[in-house]
Amino acid sequence: MEHDASCIFCKIAAGQIPSRVAYEDAEFFAFHDINPWAPVHFLIIPKAHIPSMAHLDASHAGLMGRLMALVPQLALQTGCRPYPQGGFRLVTNTGAEGGQEIHHLHFHVMGGPRPWARG
Ligand code: 5GP
Ligand code: ZN
């Protein structure tokens, strides 16, 4: 699996930088955002270092499908309330104009009662 020694999210996924872990398996790591926008705000990442969504192609379809299928389960486990009264928001920032700050592919999952701090 490809890693980037200078990447903060690779270090978080490897346990080299502490985080509040929400989920882990062989392919994925989920942890709570250090600066939450909402009562629930976690990030789910592939452990493999993929810099952004712009780097995806058909070879990633299975991996990304498995990641998407995990999101509703993790949302409920982290405290998002059930659909349709509850729910969550899924966001991926890509590139400078997309507002991406950390260049390791990550999906923000935000939820919980409103109002939120942002968004
Ligand atoms: P981006 O703008 O790249 O989509 O979002 C990066 C997110 O990572 C931000 O919401 C930021 O709060 C979060 N983040 C940055 N550094 C850390 C960290 O060291 N630990 C955790 N848990 N979250 C981080
Ligand atoms: Zn990385």
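Remember, it's 1-based here, ligands and their atoms both numbered in the order they're listed. For this chain, numbers begin at 1 and follow the sequence in order. Nothing here was measured: the structure is a model prediction, and the numbers come from that model.
The aromatic rings of H108 and W37 are tilted relative to each other, their planes meeting at an angle between 30° and 60°.
A pairwise comparison of heavy atoms in E24 and A13 identifies OE2-O, 4.2 Å as the closest pair. The shortest heavy-atom contact between W116 and P39 is CD1-CD, 3.5 Å.
At least one side-chain heavy atom of F29 sits less than 4.5 Å from a side-chain heavy atom of I12. In this structure, L74 and V109 have side chains that are not in contact, with every pair of non-hydrogen atoms separated by 4.5 Å or more.
With F31 as the fixed residue, the ring pair (Phe, Tyr, Trp, His ring centres under 6.0 Å) test singles out one of F9, Y23, F107: F9.
Side-chain polar atoms of H32 and H41 form no donor-acceptor pair below 3.5 angstrom.
Pocket lining of ligand 1, defined as residues with a non-hydrogen atom under 4.0 Å away: I8, F9, I12, F31, H32, D33, I34, N35, L43, N93, G99, Q100, E101, I102, H106, H108.
Taking R66 as the reference, E27 meet the salt bridge (Lys or Arg N to Asp or Glu O under 4.0 Å) condition, with sequence neighbours excluded.
Residue pairs meeting the ring pair (Phe, Tyr, Trp, His ring centres under 6.0 Å) criterion with at least one partner in residues 75-105, sequence neighbours excluded, are H49-H104.
For the Zn ion (ligand 2), protein N, O or S atoms closer than 2.8 Å were enumerated as C7 SG, C10 SG, H49 ND1, H104 ND1, with waters left out.
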